[in-house]
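One structure is given below, encoded as structure tokens.
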Protein chains: 2
Amino acid sequence: MATIADVAKEAGLSRATVSRVINNYQYVSDEKRFLVQEAMKALNYFPNSSAQKLRSQRTQTIGVLIPVLTNPFFAYLLEGIDRIATDNAYQLLVCQTKYDQQKEIHFLNYLKSKQVDGIILTSIENNWETIAAYTTYGPIVLCNEYSEQTLVPMVRLNQLEGSYLGTCHLIRQGHRKIAYCRGGYMSQLTKDRHAGYKKALTEFGIPYNNDFIFKNVYDLEDGKKVLRDSLAMENPPTAFFAGSDQVATGIVKEAMKQGKSVPGDIAVIGFDDQPIASVVEPALTTIKQPAEEIGYKAMEVMIKSIESELEPNDMDIHLPLQLIVRHST
Amino acid sequence: MATIADVAKEAGLSRATVSRVINNYQYVSDEKRFLVQEAMKALNYFPNSSAQKLRSQRTQTIGVLIPVLTNPFFAYLLEGIDRIATDNAYQLLVCQTKYDQQKEIHFLNYLKSKQVDGIILTSIENNWETIAAYTTYGPIVLCNEYSEQTLVPMVRLNQLEGSYLGTCHLIRQGHRKIAYCRGGYMSQLTKDRHAGYKKALTEFGIPYNNDFIFKNVYDLEDGKKVLRDSLAMENPPTAFFAGSDQVATGIVKEAMKQGKSVPGDIAVIGFDDQPIASVVEPALTTIKQPAEEIGYKAMEVMIKSIESELEPNDMDIHLPLQLIVRHST
DNA sequence: CGTTTTCATGAAATCGATTTCAGAAAACAG
DNA sequence: CTGTTTTCTGAAATCGATTTCATGAAAACG
């Protein structure tokens, strides 16, 4: 593969001038510019990107840490991030953490090795102090998941309001025994959702029942298990608030299989509004999260961060959540 | 950020020795190795990855070209690729082509700029000669999509057999008016599927009807439209063979909405066996494609390619397809 | 017309690592 | 005890670009 020196020789000019043409610097005469371009074509030249990165100290690459690619919510989030990245000539290094602390640290170190210009976190596995330490090495943007601090920009939804809305909806449908399904680790997002659920119960004077909290629930199969477990209870819940549409779908499918009617016997409400939510029968009532939009904003803020154009109100961007009522409630 | 020179100074040794410790070269005395490690810790040193890549001419990065991230089939494919990549200390540069020729070329050029060590193609947008020209610059592996050549390794399924199996199944259920939905561009994969469909018809003496071929059909909404269009036909098909579970789901949902019974009035068969296939009611009969396994194999072959350990039978790996009969037929 | 800007180019330094080469010290063999 | 091989280390070259600095020519200015 030809190098910049080869091109310079071919064009009868210096490496500096070739470099100027590559980076279209304004003060190059049309004549020389043409010579360089011809030489580049003749030699089929492409600049070595590692050399460019090393010298310029810019990688035009953003690391995106996501738990799992196959979760549609994150796929859409990534789609949003990618859209803005592509428009601005940035590349994405997609890093799956699989909800693992070590992996998260490993990927954060890409900032230290200058492999990426910045990192977008869509989930948080380590405690905040650990992560905060990395802000010295490059911009970090939080999206979807968040933390109670103001050190790095965040793009988020009001999760408390989301679960509050959903729970109120269930209560207004007459339910008083409402189960709530969540993941394992109590992240800020999880805490807020939990708080919204509790707030609704409290407002309507419904006692909080710890037996109605299902933990470590992530996917469709987990949802099915939740429903089966609940039926084995002495005093089972009549409504379920799931942490994702996958889980909600699992609950609905299993309920139907067990001969229960939805929403007659059991009401279910999901989170996300993924395509699956309108496919399952009955279609899911759900809290819509604008995944792609979160991605757009996060990447926009990241670019501003890199170009030091961050404004105060970029630090905490809120996007609206929306209750979508279908037929599962 | 500290450099290798700082570490060398701190440890009272040369840069070469530090480098040897980083790359754990065997001939370094325990004493010096320890000194270097201490110095690295003390300075919180991480090697600059661009410098490493430039000097070693290895990026440990593979470019993966996929049409769209939000299509679950490709998400699972990517998941498979990522699994093997992670296990072998490779990173993935995920590149969405959005079925665009220019973008595909753009990403292939990463090979020329030595930004990636190799490229995995999961779809093909340009003609084969164009792509073949890039094999000079680094290994290319074809996965899922393929071409009738033997220049680069391929990991694929017998698509002809897949659609043949599916069509035969529909015929055996008594259908003779069978529609077939496909995308726009006639790739080899699309051609083979089409051939399998035709082959089944021919074997059972059913005439091929061009009106039953629906083109440019990709997602759920397209599927719904197909069903509506078909109902407007004078002599509508009684069965549909869809190119993906998304499309099949759209057909099923719309059929139910239009008051048709599935599979009573209309039978539908999908492709992929995505999660959605078992969620929709009635659950889809489909041709299961082992997406993750394709990803595993593709990345394994890529690594072999890079390490020049490719064997003749790695050049064309076939994985089995499977007809899964559920309730939509 | 002399002086200051602006434009255009090249030589050389630089980014931060790895690798080659050469030589010293230690281990081993005869 | 000498000669050979193996182990260990450092100086310097190298990977392939960009950037700084210097310089001369051309244009603009008063």
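To find a chain, count down the sequence lines: A is the first, B the second, and so on, and within it residues start at 1.
Atom CG of B/Asp30 is surrounded by 12 or fewer heavy atoms from other residues, nucleotides or ligands within 6.0 Å. Within a 6.0 Å sphere centred on NZ of B/Lys297, other residues, nucleotides and ligands contribute 12 heavy atoms or fewer.
When rounded to the nearest whole Å, the span between NZ of B/Lys112 and P of D/dA17 equals 14 Å. Atom CG of A/Leu54 and atom P of C/dA13 are 17 Å apart (whole Å). For the pair A/Gln115 CD and C/dC15 P, the computed distance is 21 Å after rounding to whole Å. In this structure, the CG atom of A/Asn23 is 15 Å from the C1' atom of D/dT20, given to the nearest Å. Remark: C1' of C/dG10 and NZ of A/Lys32 are 10 Å apart, rounded to the nearest angstrom. Per the geometry, CZ belonging to B/Phe34 stands 19 Å off C1' belonging to D/dT9, to the nearest Å. Here the P atom of nucleotide D/dT20 and the OH atom of A/Tyr25 are 10 Å apart, to the nearest Å. Distance CD1 (B/Ile4) to C1' (D/dT14): 14 Å, rounded to an integer number of Å.
The B/Tyr27 side chain lies nearest to D/dC8 when the options are C/dC15, C/dA13, D/dC8. When the nucleotides D/dT19, C/dT9, C/dA17 are ranked by their closest atom to the side chain of A/Ser56, D/dT19 comes out on top. Nearest nucleotide to the A/Thr3 side chain, out of D/dT9, D/dA17, C/dT9: D/dA17. For A/Gln52, the listed nucleotide lying nearest its side chain is D/dT18; candidates were C/dT9, D/dT18, C/dA17.
Between A/Ser14 and C/dT9, a side-chain N or O to OP1/OP2 separation shorter than 4.0 Å is absent. Here B/Tyr45 reaches the OP1 or OP2 of C/dA17: one of its side-chain N or O atoms lies under 4.0 Å away. Between B/Gln57 and D/dG16 there is a side-chain polar atom (N or O) within less than 4.0 angstrom of OP1 or OP2. For A/Asn48 and D/dC15, the shortest distance from a side-chain N or O to OP1 or OP2 is not below 4.0 Å.
Residue-to-nucleotide proximity on DNA chain D shows that, of B/Ser29 and A/Ala16, the 5′-proximal contact is made by B/Ser29. The residue among B/Arg20 and A/Ser19 whose nearest nucleotide of DNA chain D lies closer to the 5′ end is B/Arg20.
Ion pairing between a basic and an acidic side chain is recognised when a charged N comes within 4.0 Å of a carboxylate O; A/Glu10 and A/Lys41 show no such pairing. A salt bridge links B/Glu311 with B/Lys304: the distance from a Lys NZ or Arg NE/NH1/NH2 to an Asp or Glu carboxylate oxygen falls below 4.0 Å.
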side-chain hydrogen bond (donor to acceptor under 3.5 Å, both in side chains) between B/Tyr137 and A/Asn44, intermediate numbers included:
CA-CA 12 Å; B/Tyr137 305 103; A/Asn44 186 22; 2.5 Å; yes
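One cannot find a donor-acceptor pair under 3.5 Å joining the base of C/dG16 and the side-chain atoms of A/Arg55.
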